[in-house]
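Naming convention: chains lettered A, B, ... in sequence-line order (proteins, then strands); numbering from 1 in each chain. Quantities reported herein were computed from a predicted structural model and do not represent experimental measurements.
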Number of protein chains: 2
Amino acid sequence: MTRVVKKPEVRRADIVEAARDLFGANGFEGTTMHDLMRELNVAKGTIYHYFKSKEELLEAVINNIADESIKRMEFIVDETTGDALTKIRALVSAGRVADNNQDLMQQLHRSTNAGMHARLLAVVLQQQAALYAKLFQQGHDEGLFQLAAPPLETAEFILTSIQFLTDEGIFPWTGETLLRRAQAFPSLVEKQLGARPGSFDFLFPRM
Amino acid sequence: MTRVVKKPEVRRADIVEAARDLFGANGFEGTTMHDLMRELNVAKGTIYHYFKSKEELLEAVINNIADESIKRMEFIVDETTGDALTKIRALVSAGRVADNNQDLMQQLHRSTNAGMHARLLAVVLQQQAALYAKLFQQGHDEGLFQLAAPPLETAEFILTSIQFLTDEGIFPWTGETLLRRAQAFPSLVEKQLGARPGSFDFLFPRM
DNA sequence: CAATGATTGACCGACGGTCGGTCGAGAGGT
DNA sequence: ACCTCTCGACCGACCGTCGGTCAATCATTG
C-alpha cells in the first residue's frame with residue numbers, strides 16, 4: 001500500500017474524527033479496529049501508534065465531542081445579552097447535545113453502548129454545570145432566583161436529573177414516561193431555584 | 001466430565017449467582033465465559049442453553065441485584081413506623097446499594113464497567129423512585145412537605161441526582177467533589193420538597 | 001547519508017458463540 | 001416392577017472475529 005506520512009497532530013485528529021463517525025454509526029462495540037483502518041486507509045499499527053488501546057481511543061472521542069459541545073455553549077452565552085433567564089433559555093434551546101449529533105445519539109440508544117453513553121454524559125455534564133452555575137449566580141444577583149445551595153452544586157443537581165431522565169440511551173424509557181417527566185420539569189426547576197412560577201415553562205414547549 | 005443434571009430453575013439460579021459473583025469480582029468484561037464454566041463445573045453449552053448471550057446473562061444479573069435491593073427496602077419501609085421523614089431516614093441509612101455489595105461496587109468503579117453500572121443504576125432507580133414517591137405523598141399529606149410536582153417525578157428527580165453524583169462508578173469524582181456535593185444535598189432536597197430546613201441534615205452526617 | 005520515527009501488515013492468543021451429539025430421568029405401556 | 005421411548009439438559013471440540021503486537025520498512029529531516 002502506498003505509504004502516506006502525515007504530521008502527528010493531523011493523523012491523530014483524523015483518527016479521532018473517523019472513530020467518532022464510526023462509533024456514532026455503529027456503536028463502540030459495533031466498530032472494529034479493522035473497520036477503522038479501512039475507513040482511514042491506514043494500517044492497524046498506525047492507529048496503535050497513537051492510541052494504546054481501543055479504550056483510550058474512546059476516551060479521546062468522548063473528550064472531542066464534549067469539547068465541541070461546551071465551546072458551542074460558551075459561545076451562545078457570550079453572544080446572548082439579557083438577564084440570566086434569557087441566557088438560560090438560549091442555552092437550553094441550543095444546548096441539546098442530541099441536535100448536532102443525530103446519528104450518534106441514535107446509536108447511544110442501544111443499551112450495549114450504555115458505557116460510552118454514560119461516560120459522555122458525565123463529561124458533558126461537568127462542563128455544562130460550570131456554565132449554568134455562573135448563570136444561576138447571575139440570576140441570584142438579579143433577584144430572579146433564591147438558591148438554597150451553592151450555584152455549582154445546584155447546577156449539577158438539576159442538570160444531572162434532566163440529562164439522565166430524558167436520555168433514552170441508558171435505559172429505554174417509554175414515550176409516556178418521557179412526557180410525564182417533561183411536564184414536571186418546569187415546576188421542579190422553579191422550585192429548586194426559587195424562581196417565579198412559569199418562568200421555566202420554556203423547558204416544556206407545548207405544541 | 002461427570003454429568004450432573006439439575007432442575008432448570010436451580011441451574012439457572014446457580015448460573016446467575018455465579019455470574020453475579022464473578023462480575024462483581026472481576027467486572028463484566030473481565031469475566032470470561034470460560035471462567036464462569038469453571039466456577040460452575042459446567043460446560044459452555046449449558047450456560048448458553050439458558051442464556052443466549054453473555055449480554056443476556058448480564059441483564060439477568062442486573063435484575064437479580066435490583067430485585068434483592070428493592071425487596072430489602074420495601075421491608076424496611078413496612079417495618080418502620082412513624083411519619084414520612086422517619087421512614088425516609090430509615091430507608092436512606094440502609095438503602096445504599098453499596099453496603100451489601102461491597103466488592104461489586106469496587107468493580108463498578110472501573111470505567112470499563114460503566115455500562116453495567118449505568119444500567120444497574122437505571123433499574124434500581126426506577127424501583128426506588130416508586131417507593132420514595134409513596135413516602136413523599138405521605139409527607140405531603142402530613143404537612144411535612146410542599147411538593148411542586150407529582151410525587152413520582154419529584155422522587156425520580158431527586159434520586160437520580162443523588163445516585164449519579166455520589167456514585168464513583170461512571171466518572172471518578174474526586175474526594176473533595178463528593179464532599180462538596182454531600183454538603184449541599186440537604187439544602188437542595190429540602191428546597192425541592194418544601195421541607196423544614198434541617199429536616200434532611202441526616203443526609204450528610206457530620207462525624 | 002545517517003538518524004529518527006511514522007507506517008506497515010502478518011501474526012497471535014483469547015474470547016464469545018455454535019452445533020452435532022450424548023445421556024439421565026420421567027411418562028406410559030405391558 | 002420392568003422396560004422402552006422421548007424430551008431436553010448437558011457436553012466440549014470447534015470456529016470466526018477481534019483487539020493487540022512487533023520487527024521490518026520507508027519517508028523525512030538535519
Assign each of A:G45 and A:T31 the nucleotide of DNA chain D bearing its closest heavy atom; nearer the 5' end lies the nucleotide of A:T31
Would you say the side chain of B:K44 and the base of C:dG16 hold a donor-acceptor pair, judged only by whether the two atoms sit under 3.5 Å apart?
yes
Please confirm whether the backbone N or O of B:I162 pairs with a side-chain atom of B:T166, one donor and one acceptor, at under 3.5 Å?
yes
OH of B:Y48 versus P of D:dG8: gap in Å, rounded?
23 Å
Would you mind reading off the distance between A:L40 atom CG and C:dA6 atom P, rounded to a whole angstrom?
17 Å
For B:S161 and A:S161, does a side-chain donor sit closer than 3.5 Å to a side-chain acceptor?
yes
Residues B:E156, A:R180: salt bridge by 4.0 Å N-O rule
yes
Could you give the CE-to-C1' distance, from B:M37 to D:dA13, as a whole number of Å?
11 Å
Between C:dG16 atom C1' and B:H34 atom NE2, what is the distance in whole Å?
13 Å
Check whether any side-chain N or O of B:R11 sits under 4.0 Å from OP1 or OP2 of D:dA9, and answer yes or no.
no
Roughly, in whole Å, what's the span from CD1 in A:I47 to P in C:dG9?
13 Å
Please report the distance, rounded to the nearest Å, between NZ in A:K54 and C1' in D:dC18.
8 Å
Is a donor on one side and an acceptor on the other found under 3.5 Å between the side chain of B:R11 and the backbone of B:V5?
no
Distance below 4.0 Å between B:Y50 side-chain N/O and D:dC10 OP1 or OP2
yes
Return the value, rounded to whole Å, for the distance between atom CZ of A:F51 and atom P of D:dT21.
15 Å
Spacing of B:K7 atom NZ relative to D:dC10 atom P, expressed in whole Å
13 Å
Phosphate OP1/OP2 of C:dA6 contacted by A:H49 side-chain N/O (<4.0 Å):
yes
Nearest to the side chain of A:V42, heavy atoms from C-beta on, is which of C:dG17, D:dG12, C:dT8?
C:dT8
Has B:T46 got a side-chain N or O lying under 4.0 Å from the OP1 or OP2 atom of D:dC11?
yes
Using 30° and 60° as the class limits, which term best fits the ring planes of B:F145 and B:F200: parallel, tilted or perpendicular?
tilted
Quiz question: going by heavy-atom distance under 3.5 Å, is there a donor-acceptor pair between the base of C:dT7 and the side chain of A:R3?
yes
